[in-house]
Amino acid sequence: MKKTLALTLLFAGTLGAVAVAQATDARARFMAANCAYCHGPDGKSRGAIPSLAGLEKGYFVQQMKEFRDGKRDATVMQKHAMGYTDAEYEAMAAWFAAIK
Amino acid sequence: MAFDRREFLKVSAGVAGAASLGTLTGCAGTGPSAGGARPKVVIVGAGFGGATCARYLKLWEPKIEVTVIEPNDVFTSCPFSNTVLAGINNMQDITFGYDNVKKVVDKWVKDTVTGIDTAGRTVKTAGGATFAYDRLVLAGGIELMFSAVQGYDAEAQKSVMHAWKAGPQTATLRKQLEAMPDGGVFVMSVPRAPYRCPPGPYERACTVASYFKKAKPKSKIIVLDGNEDIASKKGLFLAAWKKHFGYGTPDSMIDYRPNNMPRAVDPKKMMVGTEFDDVKGDVINVVPPMRAAEVCGMAGVRLGLDGKEGPWCAIDFRTFESLHVKNVHILGDSTLTNFPKSGSVANNTAKMAASAIVEMVNGREPDAAPVVTNTCYSATGMGTAFHVATVFRYQAAKKEADGKVTPPAMIAQKGGGVSKEESELEFAYMDAWAKNVWADTLGLPENFNFTVKG
Ligand SMILES: Cc1cc2nc3c(=O)[nH]c(=O)nc-3n(C[C@H](O)[C@H](O)[C@H](O)COP(=O)(O)OP(=O)(O)OC[C@H]3O[C@@H](n4cnc5c(N)ncnc54)[C@H](O)[C@@H]3O)c2cc1C
């Protein structure tokens with residue numbers, strides 16, 4: 001009895017972890033890819049729009065918040081920043097920080 | 001070798017989870033492939049949507065066997081094609097090879113799709129080849145409906161350009177504008193919304209006017225708009241027309257006529273007929289009404305939300321799969337959405353579809369609440385540009401208090417909108433946008449030598 005319950009929990013727990021880990025991963029990857037049409041593939045820009053690849057995580061999140069709150073001047077970024085949540089800023093920041 | 005029971009449990013739980021998630025998605029048949037067979041994805045069309053999707057499918061799940069079918073040898077960009085009409089750039093500047101897409105896909109087929117059997121899951125080409133698929137991606141852009149404009153037959157199409165698909169059409173229209181004498185009249189049209197690139201026609205009026213201002217200052221542009229008003233970035237376009245081209249004065253270079261849908265063309269008399277008028281021009285440029293690409297018709301997916309035949313293809317926003325025909329995904333301008341029909345949208349929704357396909361072939365759920373964005377820059381031809389930008393977020397179907405069901409939707413988020421004013425800075429950003437969206441769509445290397453002038 002006890003053993004079955006433990007096994008069930010183990011199953012449920014592991015399944016949850018696997019599903020969540022994979023879901024988050026693909027989501028961050030897609031959200032970050034979504035910025036590529038302006039910031040370049042992998043956040044490596046080919047023009048006047050700044051690159052995002054390799055930006056330090058804290059700096060990245062800070063910029064997104066400042067764009068959103070209108071504290072940093074922007075032509076277009078306030079409109080984009082307002083469409084995402086703080087958690088999404090973090091997820092994208094981690095993604096771009098990891099790009100060499 | 002020690003058998004790690006916990007590892008084993010983890011793995012089998014993962015597999016069991018994957019299988020049950022697969023059924024949840026309702027993607028039976030194209031879930032995890034049995035026996036290690038590689039899932040086959042056939043992509044029709046390598047424009048902004050198709051080329052992006054092909055690249056990202058291979059990037060995110062190399063085991064998918066990707067076949068791309070595209071008749072053109074090169075990619076010619078509609079974005080910036082209006083600057084070619086103005087002589088600011090030339091055709092080579094907006095034309096790119098497919099080398100870096102060809103390199104990553106499993107099969108590149110230079111051919112035109114002529115038949116699709118969604119029951120048997122096969123695609124036929126003009127060259128006589130047949131391709132089987134697990135999932136089909138239709139990214140054919142738009143079909144122009146010449147028959148909706150009286151007299152716009154094959155003969156008329158030799159001299160009346162639409163230039164709404166960039167390529168030889170763009171080059172010919174440029175030549176016609178160059179050959180036009182000073183004091184001539186350029187008549188251009190705007191189709192009724194929804195159409196490819198809402199700001200495009202008004203941008204065209206700007207860039208051609210910038211050319212006339214320099215080279216043929218006595219010339220005029222008559223804009224025949226099928227809509228009741230300027231369909232995109234109205235305030236910014238009117239401001240640019242006033243600032244640069246005398247709009248609102250008797251000397252205005254641009255004569256804008258709303259509610260003037262072209263109904264007929266007569267290339268011998270160089271005339272465009274609307275309900276009210278016959279308008280004569282020295283160069284006439286008529287964009288006929290449009291609908292989802294021919295290939296969508298072949299697949300029987302030109303179906304609205306209600307499943308009835310319509311101009312565009314209703315899709316599930318999480319996967320871009322047809323709402324009505326299984327395993328057929330539609331990308332870009334062919335889709336029925338509330339997004340503007342733009343290269344930006346075709347590029348980033350292609351990645352959304354690629355991401356969803358990757359999740360599904362691995363038996364996982366696609367993102368339950370995807371976010372996509374659009375930004376359309378427009379050039380004035382005078383060294384400045386401006387934009388409109390919107391973020392869209394998925395909202396699942398909702399049962400309201402009164403029992404009615406709100407269907408799933410992509411909701412425009414707060415904060416979207418247009419530039420405060422045109423600026424040189426934004427033209428530099430528009431130039432960067434173009435280079436980055438081309439690089440992302442076509443996999444251009446970091447050291448690619450762009451020649452376009454922004
Ligand atoms: C003048 C103009 C200016 C524009 N400016 C901008 C801009 O500044 N910014 C922006 O974001 N968007 C702009 N656009 C819009 C943008 O070009 C389109 O939204 C975009 O091209 C849509 O991508 P797509 O993949 O749906 O179609 P397309 O890019 O048209 O690709 C369709 C592909 O499918 C292929 N195909 C068609 N039929 C078949 C078949 N039967 N078999 C095989 N292959 C087939 C075609 O050869 C083509 O390569 C502009 C458009 C125009 C006309």
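Chain letters run A, B, ... following the sequence lines, proteins first and then strands; every chain starts at 1.
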I need the single residue from B/Thr52, B/Asp440, B/Thr375, B/Thr441 that forms a side-chain hydrogen bond (donor to acceptor under 3.5 Å, both in side chains) with A/Tyr37. Which is it?
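The residue from B/Thr52, B/Asp440, B/Thr375, B/Thr441 that satisfies side-chain hydrogen bond (donor to acceptor under 3.5 Å, both in side chains) with A/Tyr37 turns out to be B/Thr375.
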Stepwise, does the side-chain contact (heavy atoms from CB on, under 4.5 Å) test hold for B/Val391 with A/His80?
CA-CA 6 Å; B/Val391 177; A/His80 285 282; 4.0 Å; yes
Interface moiety of [X] toward chain A, non-hydrogen atoms closer than 4.5 Å:
X        : result
B/Thr373 : both
B/Phe392 : neither
B/Trp60  : both
B/Tyr56  : side chain
B/Glu446 : both

Which distance, rounded to the nearest 0.5 Å, do you find between the NZ of A/Lys79 and the OG of B/Ser419?
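One finds 5.5 Å between NZ of A/Lys79 and OG of B/Ser419.
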Checking B/Arg393 side chain against A/Gly83 main chain: does a donor-acceptor pair fall under 3.5 Å?
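Yes, because the side chain of B/Arg393 sits within donor-acceptor range (under 3.5 Å) of the backbone of A/Gly83.
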Quick one: does any side-chain atom of B/Lys351 pair with a main-chain N or O of A/Ala33 as donor and acceptor, under 3.5 Å?
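Flag set: sc B/Lys351 to bb A/Ala33 pair under 3.5 Å.
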Heavy-atom closest contact (B/Val372 atom, A/Asn34 atom, distance)
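For B/Val372 and A/Asn34, the tightest heavy-atom pair comes out as CA-ND2, 3.5 Å.
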Show the nearest heavy-atom pair for residues A/Ala26 and B/Ser355, with the distance to one decimal.
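Looking at all heavy atoms of both residues, the closest pair is O-OG, 4.2 Å.
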N/O donor-acceptor pairs under 3.5 Å from side chains in residues 46-58 of chain A, not counting sequence neighbours:
| residue | atom | partner | partner atom | Å |
| --- | --- | --- | --- | --- |
| A/Arg46 | NE | A/Lys44 | O | 3.3 |
| A/Arg46 | NH1 | B/Leu444 | O | 3.0 |
| A/Arg46 | NH1 | B/Pro445 | O | 3.0 |
| A/Arg46 | NH2 | B/Leu444 | O | 3.4 |
| A/Ser51 | OG | A/Ser45 | N | 2.9 |
| A/Glu56 | OE1 | A/Gly58 | N | 3.3 |
| A/Glu56 | OE1 | A/Tyr59 | N | 3.0 |
| A/Glu56 | OE2 | A/Gly58 | N | 3.1 |

Most heavy-atom pairs under 4.5 angstrom with chain A, which of B/Val418, B/Asn447, B/Asp431?
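If we count pairs closer than 4.5 Å to chain A, B/Val418 comes out on top.
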Winner by heavy-atom pair count (cut-off under 4.5 Å) against chain A, out of B/Ala412, B/Ala428, B/Gly416, B/Ser344
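Heavy-atom pair counts peak at B/Ser344.
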Would the number of heavy atoms belonging to other residues, nucleotides or ligands and lying under 6.0 Å from CD of B/Gln395 be above 12?
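More than 12 heavy atoms, drawn from other residues, nucleotides or ligands, come within 6.0 Å of this atom.
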For B/Lys453, does the NZ atom sit with more than 12 other heavy atoms under 6.0 Å from it, leaving out its own atoms?
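Yes, NZ of B/Lys453 has more than 12 neighbouring heavy atoms, counting only those of other groups under 6.0 Å.
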Test item: [X] and [Y] side chains (from C-beta on) under 4.5 Å apart, heavy atoms:
X        : Y        : result
B/Val358 : A/Arg29  : yes
A/Cys38  : B/Asn436 : no
A/Thr75  : B/Tyr429 : yes

Pick whichever of A/Cys35, A/Gly40, A/Pro41 has the most heavy-atom pairs under 4.5 Å with chain B.
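Looking at each of A/Cys35, A/Gly40, A/Pro41 in turn, A/Pro41 comes out on top.
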